[in-house]
Amino acid sequence: MAVRAKQIFVNLPVKDLKRSVDFFTKVGFEFNANFTDESATCMIIGDNIYAMLLVEDRFQSFISKKISNAADTAEVIVALSVESREQVDLIVQAALDAGGKPYNDPQDHGFMYGWSFQDPDDHLWEVSYMDLSSFPTQE
């Protein structure tokens, strides 16, 4: 049996929930008020794709490990696929304008274009566009 999930919730620890909500609102994301309180919010990324931003104490209540310091280590890259190269640039530039930090320079592989940033808690976000009609084929 192949696994096929209906939704994905990426859980991310944040130091300051208001700062994170302000940042991601400026980037262009919206939030589900039904799943928001003083210690957590549900950021809507796409159809059935969400990021739960949890203050560190709340995040810690779900795990027995230490929360990693994203300024020093990377455990995950949140990779988002969008509709166009222009949308990649708009989203990453909005993140940089909102106080995010650049991570990698834009990368153009012809059929795939991507750019990345770090949010205020140093989580890595990669935004990319892929044109499968330009995907190189082997003959």
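- Among all heavy-atom pairs drawn from Asn104 and Gln107, the shortest one is CB-NE2, 4.3 Å.
- Listed by chain and number, the residues in a side-chain hydrogen bond (donor to acceptor under 3.5 Å, both in side chains) with Gln93 are Asp97 (sequence neighbours excluded).
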Could you walk me through whether Leu80 and Val78 pass the side-chain contact (heavy atoms from CB on, under 4.5 Å) test, one step at a time? CA-CA 7 Å; Leu80 308 177; Val78 180; 4.1 Å; yes
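- Note on Val55: it does not cluster hydrophobically with Phe62, by side-chain heavy-atom contacts below 4.5 Å among ILVMFWY residues.
- When the salt bridge (Lys or Arg N to Asp or Glu O under 4.0 Å) test is applied to Lys101, the partners found at least two apart in sequence or on another chain are Asp122.
- Heavy-atom minimum distance, Ala98 versus Lys26: CB-CB, 3.7 Å.
- Tyr103 belongs to a hydrophobic cluster whose other members, connected by ILVMFWY side-chain contacts under 4.5 Å either directly or through intermediates, are Ile77, Leu124.
- Asn69 pairs by the side-chain hydrogen bond (donor to acceptor under 3.5 Å, both in side chains) definition with Asp72, not counting sequence neighbours.
- Every side-chain hydrogen bond (donor to acceptor under 3.5 Å, both in side chains) that Glu56 has, sequence neighbours left out, goes to Lys15.
- In this structure, the side-chain hydrogen bond (donor to acceptor under 3.5 Å, both in side chains) partners of Asp131, at least two apart in sequence or on a different chain, are Ser133, Ser134.
- Taking the salt bridge (Lys or Arg N to Asp or Glu O under 4.0 Å) definition, one finds that Asp89 meets it with nothing, sequence neighbours left out.
- Under the 4.5 Å side-chain criterion, counting only non-hydrogen atoms from C-beta, Leu96 is in contact with Pro102.
- Atom CD in Glu126 sits 5.5 Å away from atom OG in Ser128 (nearest 0.5 Å).
- Judged as a salt bridge (Lys or Arg N to Asp or Glu O under 4.0 Å), and not counting sequence neighbours, the contacts of Asp37 are Arg58.
- Atom CD of Gln7 has more than 12 heavy atoms from other residues, nucleotides or ligands within 6.0 Å.
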Identify every side-chain donor-acceptor pair in residues 42-54 under 3.5 Å, counting partners at least two apart or on other chains, and give the distances.
none

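- With sequence neighbours left out, Thr25 forms a side chain to side chain contact (heavy atoms under 4.5 Å, CB included) with Val21, Phe31.
- Residues meeting the side chain to side chain contact (heavy atoms under 4.5 Å, CB included) test with Val76, sequence neighbours left out: none.
- Connection of Leu12 to Ile8 is established within a shared hydrophobic cluster, with ILVMFWY side chains joined at heavy-atom distances below 4.5 Å, either directly or through further cluster members.
- In terms of heavy-atom proximity, Met130 sits nearest to Met112 at CE-SD, 3.6 Å.
- Side-chain atoms of Asp121 and Ser20 include a donor-acceptor pair closer than 3.5 Å.
- For His123 (side chain) and Pro13 (main-chain N/O), a donor-acceptor pair under 3.5 Å exists by modelled atom type.
- Of the inter-residue distances, the one linking Ser84 atom OG with Tyr113 atom OH reads 10.0 Å to the nearest 0.5 angstrom.
- Phe24 and Phe9 fall into different hydrophobic clusters, defined by Ile, Leu, Val, Met, Phe, Trp and Tyr side-chain heavy atoms under 4.5 Å apart, directly or through other members.
- Hydrophobic clustering places Phe23 together with Phe29 (ILVMFWY residues linked when any side-chain heavy atoms are closer than 4.5 Å, directly or through intermediates).
- Annotation: side chain of Trp125 is not in contact with side chain of Val27 (no heavy-atom distance under 4.5 Å).
- Nearest heavy-atom pair, Phe117 versus Val92, reported as atom, atom and distance to 0.1 Å: CD2-CG2, 4.1 Å.
- Scored by the side chain to side chain contact (heavy atoms under 4.5 Å, CB included) test, Lys18 finds Asp16, Asp22 as partners (sequence neighbours excluded).
- Two residues are said to be in side-chain contact when any heavy atoms from C-beta on lie closer than 4.5 Å; Tyr129 and Val88 meet this criterion.
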